[in-house]
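Quick note: residue numbers are just sequence positions, from 1.
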Amino acid sequence: MTDAAFAAPLDDLPAPGQLDGPELASLIAAKLCHDFISPSGAIMSGLDLLNDPSSQDMRDDAIGLITDSAKKMVALVQFCRVAFGAATTAERFTADELKALVDGVTAGGRATIAWNIGSSDFGKPQARALVNLAYLTAAALPMGGEAVITATHDGGQMTLEGRAEGARARLKAEASTGLAGERLTEGLAGQWIQPYWLWLTIQQTGGDLDVEAVEGRVVLTARMPS
């Protein structure tokens, strides 16, 4: 499945202020289906190999494919529970828990992630903002580089920063639109919804999100109540 397969008709996408619950949910659900289809399809391919009498010489390869894909699926589910949902029954998350979630879904990518978030714990909105911001920072490095994720506290204010530096560090046009909280007028909704969701998460706490994108560097800075 490609992003085009779940790109909503652009004329049907409302302005951010008019984006109601069902419309927002449908776009997020489409993204999750897109993300889950790859590892779940790989698991099915591995099972088909195991069940094919003519492919028994590939049994070890099939088991390896199933194992790796199952780990990827679990990592995606755990990440998405915090990034897009109400998460678990936990009300707060440690820095190590959130780091593990992001590392699980970015493992194998070209970008490396350096964490500078200390030993703080995070409420649900702050945790949701942090994991999405970190993921999108790493995604801005398609050719590799370093993503540095920082969280600082000043009184009742929290500042989250994702700094991506590397060759061809960039934001897709849809991502820039979403991070600005703007309506998508062209491009793929699948590339827009997660950046928009990050902006919405921060905006609903009374915070703000700044974006800097220049050649070789992308910086996302979120300020929100802690």
Peer 1: May I ask whether Val131 and Ile193 are part of the same hydrophobic cluster, defined by side-chain heavy atoms of I, L, V, M, F, W, Y residues being less than 4.5 angstrom apart, directly or through others?
Peer 2: yes
Peer 1: Would you call the rings of Phe79 and Phe84 parallel, tilted or perpendicular, taking 30° and 60° as the class edges?
Peer 2: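 Judged by the thresholds at 30° and 60°, the geometry between Phe79 and Phe84 is perpendicular.
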Peer 1: Assigning hydrophobic clusters by single linkage (Ile, Leu, Val, Met, Phe, Trp, Tyr; side-chain heavy-atom cutoff under 4.5 Å), is Leu136 placed with Val148?
Peer 2: no
Peer 1: With a sphere of 6.0 Å drawn around CG of Asp154, does it hold more than 12 non-hydrogen atoms of other residues, nucleotides or ligands?
Peer 2: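 No, because the 6.0 Å sphere around CG of Asp154 holds 12 heavy atoms or fewer from other groups.
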Peer 1: To the nearest 0.5 Å, tell me how far Asp121 CG sits from Leu98 CG.
Peer 2: 9.5 Å
Peer 1: Of all the heavy-atom pairs spanning Pro125 and Thr201, show the shortest one and how long it is.
Peer 2: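 Pro125 and Thr201 have their closest heavy atoms at O-CG2, 3.6 Å.
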Peer 1: Is there a donor-acceptor contact under 3.5 Å from the side chain of Arg128 to the main chain of Gly85?
Peer 2: yes
Peer 1: Using modelled atom types and a 3.5 Å cut-off, is there a donor and acceptor pairing between side-chain atoms of Glu97 and backbone atoms of Thr94?
Peer 2: yes
Peer 1: About how many Å separate CG of Leu49 and CD1 of Ile66, when rounded to the nearest 0.5 Å?
Peer 2: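 If we round to the nearest 0.5 Å, Ile66:CD1 and Leu49:CG are 8.0 Å apart.
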Peer 1: Given the rule that I, L, V, M, F, W and Y join up when any side-chain heavy atoms are under 4.5 Å apart, are Ile63 and Ile43 in one cluster?
Peer 2: yes
Peer 1: Which heavy atom of Gly162 sits nearest a heavy atom of Leu133, and at what distance?
Peer 2: N-CD2, 3.4 Å
Peer 1: For the atom pair CE (Met143) and CZ (Arg168), what is the distance rounded to the nearest 0.5 Å?
Peer 2: 5.5 Å
Peer 1: Looking at Lys72 and Asp68, is there a salt bridge between them, counting it only when a charged N and a carboxylate O are closer than 4.0 Å?
Peer 2: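 Judged by the 4.0 Å cut-off on N to carboxylate O distance, Asp68 and Lys72 do not form a salt bridge.
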Peer 1: Determine, using the 4.5 Å side-chain heavy-atom cutoff (strictly less than), whether Ile113 and Leu141 are members of one ILVMFWY cluster.
Peer 2: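 In one cluster with Ile113: Leu141, no.
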Peer 1: Got a sec: does the CE of Met73 have more than 12 other heavy atoms crowding it under 6.0 Å?
Peer 2: yes
Peer 1: Passes side chain to side chain contact (heavy atoms under 4.5 Å, CB included), Glu182 versus Tyr196? Steps please.
Peer 2: CA-CA 8 Å; Glu182 296 175 353; Tyr196 174 79; over 6 Å; no
Peer 1: With clusters defined by side-chain heavy atoms of hydrophobic residues (ILVMFWY) lying less than 4.5 Å apart, directly or transitively, does Val74 cluster with Val77?
Peer 2: no
Peer 1: At their closest point, which heavy atom of Ala134 faces which heavy atom of Trp115, and how far apart are they?
Peer 2: CB-CH2, 3.7 Å
Peer 1: Main chain of Leu24, side chain of Trp197: is a donor-acceptor contact present, judged purely on distance under 3.5 Å?
Peer 2: no
Peer 1: Given Glu174 and Leu184, is the side chain to side chain contact (heavy atoms under 4.5 Å, CB included) satisfied, shown in steps?
Peer 2: CA-CA 7 Å; Glu174 296 95 333; Leu184 185 69; 3.9 Å; yes
Peer 1: Measure the spacing between CD of Gln194 and CH2 of Trp199 and express it to the nearest 0.5 Å.
Peer 2: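 Those atoms lie 16.0 Å apart.
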Peer 1: Any pair with a residue in residues 203-226 that passes side chain to side chain donor-acceptor pair (under 3.5 Å), sequence neighbours left out, goes on the list, sorted by first then second residue, please.
Peer 2: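 Listed by first then second residue: Asp208-Arg223, Asp210-Arg223, Glu212-Arg217.
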Peer 1: Specify the closest pair of heavy atoms between Leu76 and Asp35, including all atoms of both residues, with the distance to one decimal.
Peer 2: CD1-O, 3.5 Å
Peer 1: Roughly how far, to the nearest 0.5 Å, is CZ of Phe93 from CG of Leu130?
Peer 2: 11.5 Å
Peer 1: What pair of heavy atoms forms the shortest contact from Leu160 to Ala129, and how long is it?
Peer 2: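 Heavy atoms only, the tightest pair is CD1-CB, 4.0 Å.
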Peer 1: Would you say the side-chain atoms of Ser55 pair up with the backbone N or O of Asn51, donor to acceptor, closer than 3.5 Å?
Peer 2: no
Peer 1: I'd like to know whether Arg59 forms a side chain to side chain contact (heavy atoms under 4.5 Å, CB included) with Leu50, so could you lay out the CA-CA distance, the side-chain angles of the two residues, the decisive distance to 0.1 Å, and finally the verdict.
Peer 2: CA-CA 6 Å; Arg59 181 178 178 84; Leu50 286 179; 3.7 Å; yes
Peer 1: Would Thr177 and Thr185 count as a side chain to side chain contact (heavy atoms under 4.5 Å, CB included) here? Give the steps.
Peer 2: CA-CA 9 Å; Thr177 300; Thr185 57; over 6 Å; no
Peer 1: Is a donor on one side and an acceptor on the other found under 3.5 Å between the side chain of Glu165 and the backbone of Val219?
Peer 2: no
Peer 1: Heavy atoms only: give me the nearest Ala169-Ala164 pair and the separation to one decimal.
Peer 2: CB-O, 4.1 Å
Peer 1: Do Gln56 side-chain atoms and Asp52 backbone N/O form a donor-acceptor pair below 3.5 Å?
Peer 2: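 Between the backbone of Asp52 and the side chain of Gln56 there is a qualifying donor-acceptor contact (under 3.5 Å).
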